[in-house]
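Computed from a prediction, not measured in an experiment: that's the story for all the values here. Nothing fancy with the numbering, it's 1 onward along the sequence.
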Amino acid sequence: MYQSIINSSLLPFKATAFHNGEFIEVTEKDVLGKWAIFMFYPADFTFVCPTELGDLADYYAKLQEMGVEVYSVSTDTHFTHKAWHDTSDTIAKIKYPMIGDPTGRITRNFGVMIEEDGLALRGTFVVNPEGVIKVAEIHDLGIGRSAAELLRKVQAAQYVATHDGEVCPAKWQPGEATLAPSLDLVGKI
């Protein structure tokens, strides 16, 4: 039986990340107090992964302006992240922390571990400042993600969090109309 991760709280973790030329420790406590994105990917030095991480790097400044921290996570070590950062022009532009999860604890916490391979599925999770998961998206390994769509999802999650009683319809963009669910709307949309 599958249990949704939506509205569940971050589980405890402690890991080392490569960030801005240094190795830093990251725990679930570091995530609290701000919005966060956890972007899991299978492995460094692969094919689809650098296109996704580079795409997300292009949106990092905008996400930071919105009060969002980004964490990429794979089951590689933080040493491997540094080596990849030092040898790939695409990965060199990354400014967000790259968490190494060689034990798979964080990957399992989010339910994206491929046990027989020791790798993560392409999982993306948006976590609110209270440490509660509000968006979860999981792709098969061959399907890349879009940072532009992720940005829109974060904007919608932040809007809903600050506008009680309103919801964002499909393709909603900031500044567009939202919906206030009520009996009057049933069957009229």
Paired with K134, the side chain to side chain contact (heavy atoms under 4.5 Å, CB included) test is passed by just one of N7, V160, I6, namely N7

Apart from M66 itself, its cluster of hydrophobic side chains linked below 4.5 Å comprises W35, I37, M39, Y41, F45, L53, L56, Y59, Y60, L63, V68, V70, W84, I91, I94, Y96, M98, V126, V135, L150, L151, V154

(Q) Quick one about H81 and D76 (side-chain donor to acceptor, distance below 3.5 Å, no hydrogens or angles considered), yes or no? (A) no

All heavy atoms of P42 vs all of S74, minimum pair found to be O-CB, 4.2 Å

*Just by modelled atom types, is the D58 backbone N or O under 3.5 Å from a matching donor or acceptor in the K62 side chain?*
no

Is there a path of hydrophobic side-chain contacts, each under 4.5 Å between heavy atoms of I, L, V, M, F, W or Y residues, that connects V73 with L32? no

In short, W172 meets A177 closest at the heavy-atom pair CD1-O, 3.3 Å

- Item | D140 side chain to G142 backbone, donor-acceptor under 3.5 Å | no

In this structure, CG of L10 is separated from OG1 of T27 (nearest 0.5 Å) by 10.0 Å

dist K29:NZ -> K14:NZ (nearest 0.5 Å) comes out at 10.0 Å

In terms of heavy-atom contacts, E69 and P97 come closest through OE2-CD, 3.5 Å

Would you confirm whether E28, through its side chain, and F13, through its main-chain N or O, come within 3.5 Å as a donor-acceptor pair?
yes

Minimal heavy-atom distance between T178 and C168, with the atoms involved, is CG2-SG, 4.3 Å

So OG1 of T90 and CG of D55: to nearest 0.5 Å the spacing works out to 11.0 Å

dist R152:CZ -> Q173:CD (nearest 0.5 Å) comes out at 6.5 Å

Practice prompt. Can you label the angle between the F125 ring and the F40 ring as parallel, tilted or perpendicular, going by 30° and 60°?
Written response: perpendicular

Take E137 and K153 through the side-chain contact (heavy atoms from CB on, under 4.5 Å) test and state the conclusion after the steps.
CA-CA 11 Å; E137 177 181 35; K153 289 177 184 180; 3.4 Å; yes

Donor-acceptor pair, side chain of T162 and main chain of Q158, under 3.5 angstrom: yes

Which donor-acceptor pairs under 3.5 Å do the side chains of residues 106-124 make with protein atoms, sequence neighbours left out?
unit_1 : atom_1 : unit_2 : atom_2 : d
T107   : OG1    : D101   : OD2    : 2.6
R108   : NE     : E115   : OE2    : 2.9
R108   : NH1    : T103   : O      : 2.8
R108   : NH1    : G104   : O      : 3.4
R108   : NH2    : E115   : OE1    : 3.1
N109   : ND2    : P12    : O      : 3.3
R122   : NE     : L141   : O      : 2.6
R122   : NH1    : E52    : OE1    : 2.7
R122   : NH2    : L141   : O      : 2.9
T124   : OG1    : R145   : NH1    : 2.8

Inset, instruction - Can you establish whether the number of heavy atoms outside F23 located under 6.0 Å from its atom CZ is more than 12? - result: yes

So OG1 of T75 and CG of D44: to nearest 0.5 Å the spacing works out to 9.0 Å

Rounded to the nearest 0.5 angstrom, the CD-NZ distance for Q64 and K34 is 9.0 Å

